[in-house]
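Written out below as structure tokens is the structure these notes cover.
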Amino acid sequence: MDPAPEVKRNRFPSMNFEAEILTAPHDNSELYVIPSMRSLTAEEYAEAFKSFLDHSTEHQCMDEFNKEEMPNIVAGLGNGKSTINVLGVGSGTGEQDLKMIRIMQAAHPGVLIDNEIIEPNPQHVAAYKELVNQAPDLQNVSFLWHQLTSLEYEQQVKEKGAHKKFDFIHMIQMLYRVEDIPNAIKFFHSCLDHHGKLLIIILSDSSGWASLWKKYRHCLPSTDSGHYITSNGITDVLKRLGVEYHVYEFPSGWDITECFIEGDPVGGHMMDFLTGTKNFLGTAPPGLRRQLQEALCQPECSSKKDGRIIFSNNLSMIVVES
Ligand SMILES: C[S@@+](CC[C@H](N)C(=O)[O-])C[C@H]1O[C@@H](n2cnc3c(N)ncnc32)[C@H](O)[C@@H]1O
């Protein structure tokens, strides 16, 4: 077992706050614990994510990838079999899944698509089922939901001893809350059939998130699992696994102008999503608040367009071969 972390206290006069400093036992990195601040719960995160989608081009960016690259990526799937087996990990409410399934249907007319979904949030599973019920064009597609986390699914598969193989597995914007990312990637890669592909969509190192997390992660409360991961973190894991992969970069932006309007409730929620903190503006020390708002305006994080401030939300689409 790791020894208990050493606790020190320190004042940060330039930012005008006092914090406990924990030294993480595994890598000696420092984390500042500011007692008033806490992470978003999974439900609060899901709520904040919805509002983020409304103000960002995240899904338009994925649409662009679907149009430009997905037809080629899915062209060889299934290797001539009558059924293509697909697994979505952390699929949320299913919009992205259905778009990709339709691209597979177009590339493989008449082939059956067996689609399994791992999604722990019951509201998301219910919304996904509703979306399927309302879709008129999914006759050749079967759906099976596992209301589990990726780790619970892995444990279930290992207990059963039956290891189903898939032709296409995707993990889209979901690795941030997975407990052991290298293990999850290794496990789901092992679930690929011959000629199968694993698609990971994650924030790019060219995004504003990457520079924000590099500078300020030690001041923010850790998320449930505390993973501030971007594309390079994933490709490091893939290199260690010795697997082949290709990275596609697509630009995306998030209009965060409201974050700079004093007392604006939408801006307050945006700051919560940006920092992973519940009521960041109400609970963070004033110095940290000011520093973060200044950082958000820097060119590494955002650009100005038509008087609006657009935070860079660039995405990396990583396609891993079996
Ligand atoms: C940001 S949403 C992305 C949803 C969808 N893939 C998309 O791009 O629209 C992340 C999803 O991962 C799910 N999730 C969170 N932790 C998970 C875990 N440990 N295993 C599997 N899914 C998880 C959440 O419930 C949520 O639906």
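Just follow the structure's listing: the first ligand is 1, and inside any ligand the first atom is 1. Numbering starts at 1 and runs along the sequence shown.
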| query | Considering P120, A48, G90, which one's heavy-atom position lies nearest to atom 17 (C) of ligand 1? | reply | P120
| query | Short list, please: which atoms of ligand 1 are under 4.0 Å from a heavy atom of Q173? | reply | 1 (C), 2 (S), 3 (C), 10 (C)
| field | Ligand-residue contact atoms, ligand 1 with H59, heavy atoms, under 4.0 Å | value | 9 (O)
| remark: Residue, atom and distance of the protein heavy atom nearest atom 8 (O) of ligand 1 read I172 CG2, 3.3 Å
| field | Heavy-atom side-chain contact between M317 and E69 under 4.5 Å | value | no
| query | Which one of M174, Q147, Q123 has a non-hydrogen atom at the shortest distance from atom 21 (C) of ligand 1? | reply | M174
| Is the count of non-hydrogen atoms from other residues, nucleotides or ligands lying under 6.0 Å from K304 atom NZ greater than 12? | no
| query | Given side chains that start at C-beta, do those of E119 and Q147 come closer than 4.5 Å, heavy atoms only? | reply | no
| Nearest-contact summary for atom 19 (N) of ligand 1 - protein heavy atom, Å | T149 CB, 3.6 Å
| Do L87 and Y245 share a hydrophobic cluster, counting only Ile, Leu, Val, Met, Phe, Trp and Tyr and linking them when any side-chain heavy atoms are less than 4.5 Å apart? | yes
| task | Identify, by atom number and element, the atoms of ligand 1 in contact range of F49, meaning under 4.0 Å from any of its heavy atoms. | result | 1 (C), 2 (S)
| task | Applying ring pair (Phe, Tyr, Trp, His ring centres under 6.0 Å), name anything that partners F188, two or more places apart in sequence or on another chain. | result | none
| Of the protein's non-hydrogen atoms, which lies at the shortest distance from atom 16 (N) of ligand 1, and what is that distance? | R177 CB, 3.8 Å
| Any idea which atoms of ligand 1 are less than 4.0 Å away from a heavy-atom of G92? | 4 (C), 27 (O)
| field | Carboxylate-amine/guanidinium contact D114 K81, below 4.0 Å | value | no
| atom 25 (O) of ligand 1: which of E43, E119, H124 has the nearest heavy atom? | E119
| note | heavy-atom search around atom 20 (N) of ligand 1 in the protein gives S150 N, 2.9 Å
| message | List the residues meeting ring pair (Phe, Tyr, Trp, His ring centres under 6.0 Å) with F280, not counting sequence neighbours, and say none if there are none. | response | none
| Audit row: W209, Y228, ring-ring contact (aromatic ring centres under 6.0 Å, His included) steps and yes/no | CA-CA 9 Å; W209 297 95; Y228 295 108; 9.3 Å; no
| request: List the closest protein heavy-atom neighbour of atom 5 (C) of ligand 1: residue, atom name, distance to the nearest 0.1 Å. | output: S91 O, 3.5 Å
| request: Mark up the atoms of ligand 1 that fall under 4.0 Å of a heavy atom belonging to N121, in ascending order. | output: 25 (O)
| query | So, are E244 and K197 salt-bridged, with charged N and O less than 4.0 Å apart? | reply | no
